[in-house]
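Down below is the structure, laid out as structure tokens.
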Amino acid sequence: MDSELIDAHSFLTHSLSGDGRGTEDPDDPQTVQAMQIALHIPKAEPPERSDVLAAAAKAVVAVCLDPRAAQPGAWHDALAQWYGHRIRKIARRARGAGWENVQALPGCTAASGTAAARAFIPSAVSEVPHPIAKLQIRGTELPADAPGDRDPGVPLIAVDASLGMTAGKAAAQAGHASMLLAAAMGPEQVQAWAADGFPLQVREVPRGDFERLSRDPAAVAVRDSGFTEVAPGSTTVVALPGQYV
């Protein structure tokens, strides 16, 4: 097994299993930690919405399971601080030079179909690097698409379409689901998933289908804190492991 990956996985699972979270004041940006996600949405040829959500989810789990997560240093420290607070993510639109300028910042870029996204190591929201802070939070909206039948062997992130979330909000929720899914996997399963490049698929589904998928014994659910767009406690997405069960 890849010992660094397994160490990063252990760090993730142990961090998320704790009952406590660090003290934070939502009105004080010094105390609020967040992972920033840049969604590559060119103006001329915007990507498919479901591909954007999948790319964001892959980028987030790649950051959490990066070998640097298990080693002393800035990457580990940033994740430790974030894991100890509410798990917030902020999605931003990037295009042109803005997209290129953030590639050198600590994080992971992932692609899925027509889309790409880069997730960065977390920070206090008052300390977001300037090239990321320049990216717009608004403007991430994309129309619904029809990605086709899902592959039962590939991990699925199902989004409750009835909530009407923007693409940016749904991308953040999909990212939360991918890290929770990784935490729910055993070491051998997450090793195999990582070796394959974290394949996954995202589908926005009607409420009835979402409830059915939620009842799967292997499903991992994300319940939102309700700071934006949805009511507190809403189950926004569920993730299923596919063949990595």
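Everything numeric in this text was worked out from a predicted model, so none of it was measured. In what follows, every heavy atom counts, from backbone to side chain, and hydrogens, waters and symmetry copies are set aside. The first residue in the sequence is number 1, and the count goes up from there.
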Distance alone, cut at 3.5 Å: any donor-acceptor contact between the side chains of Gln173 and Asp224? yes

Would you check if the side chain of Glu48 reaches a backbone N or O of Ala115 as a donor-acceptor pair within less than 3.5 Å? no

Contact between Pro47 and Pro42 at the side-chain level, heavy atoms closer than 4.5 Å - yes or no? yes

Are any non-hydrogen side-chain atoms of Leu53 and Glu204 less than 4.5 angstrom apart? yes

Nearest-0.5 Å distance that lies between atom OG in Ser50 and atom CZ in Arg150: 14.0 Å

Any donor-acceptor pair under 3.5 Å linking the side chain of Arg95 with the backbone of Ile41? yes

Shortest non-hydrogen contact from Ala94 to Ala38? CB-CB, 4.2 Å

Is there side-chain contact between Val60 and Phe198, with at least one heavy-atom pair below 4.5 Å? no

Evaluate the side-chain contact (heavy atoms from CB on, under 4.5 Å) criterion for residues Val237 and His176: first the C-alpha distance (whole Å), next the side-chain angles of each, then the deciding distance (0.1 Å), finally the verdict. CA-CA 9 Å; Val237 302; His176 199 156; over 6 Å; no

Are Val63 and Trp75 packed together at the side-chain level, in the sense that at least one heavy-atom pair is separated by less than 4.5 angstrom? yes

How about Thr236 and Asp160: do any of their side-chain heavy atoms sit closer than 4.5 Å? no

Roughly how far, to the nearest 0.5 Å, is the CD atom of Gln71 from the CD atom of Glu4? 4.5 Å

Do Ile87 and Val230 belong together in a cluster built from hydrophobic side chains that touch within less than 4.5 Å? yes

So which atom in Ala8 and which in Cys64 form the shortest heavy-atom distance, rounded to 0.1 Å? CB-O, 3.9 Å

Shortest non-hydrogen contact between Ala174 and Ala57, atoms and distance: O-CB, 3.5 Å

Return yes if some donor-acceptor pair links the side-chain N/O of Arg203 with the main-chain N/O of Leu156 below 3.5 Å, else return no. no

Find the distance between CG (Leu135) and CH2 (Trp99) and round it off to the nearest 0.5 Å. 9.5 Å

Which atom pair, heavy atoms only, marks the closest approach of Thr109 to Gln103? OG1-OE1, 2.8 Å

Does any part of the side chain of Tyr83, heavy atoms only, come nearer than 4.5 Å to the side chain of Leu12, both counted from C-beta? yes

Is it possible for you to say whether Val220 and Leu200 belong to one hydrophobic cluster, with membership spreading through side-chain heavy-atom contacts below 4.5 Å? yes

Check: Val125 and Arg88 side chains under 4.5 Å, non-hydrogen atoms: no

So CD1 of Ile157 and CG of Leu213: to nearest 0.5 Å the spacing works out to 12.5 Å

From Leu65 atom CG to Ile6 atom CD1, the distance as rounded to the nearest 0.5 Å: 9.0 Å

Applying side-chain contact (heavy atoms from CB on, under 4.5 Å), run through Met179 and Met35 and close with a yes or a no. CA-CA 12 Å; Met179 62 185 285; Met35 174 184 280; over 6 Å; no

Residue pair Ser162 / Arg207: nearest heavy atoms and the distance that separates them: OG-CD, 3.8 Å

Do Val154 and Tyr244 share a hydrophobic cluster, counting only Ile, Leu, Val, Met, Phe, Trp and Tyr and linking them when any side-chain heavy atoms are less than 4.5 Å apart? no

When hydrophobic residues are tied together by side-chain contacts of less than 4.5 Å, even through go-betweens, does Ile90 share a cluster with Phe120? no

Side-chain contact, heavy-atom cut-off 4.5 Å: Arg138 with Arg93? no

Where Ala117 and Ile37 come nearest, the two heavy atoms and their spacing: CB-CG2, 4.5 Å

So, taking the atom named SG in Cys108 and the one named CG in Asp66, what distance separates them when rounded to the nearest 0.5 Å? 4.5 Å

side-chain contact (heavy atoms from CB on, under 4.5 Å), that's the test. Do Met185 and Leu181 meet it? Break it down for me. CA-CA 6 Å; Met185 289 181 180; Leu181 182 61; 3.9 Å; yes

Sidechain-backbone polar pair: Arg118 side chain, Gly107 backbone, donor-acceptor under 3.5 Å: yes

Give a yes or no on whether Trp82 and Leu105 share a hydrophobic cluster (residues Ile, Leu, Val, Met, Phe, Trp, Tyr; joining criterion: side-chain heavy atoms under 4.5 Å apart). no

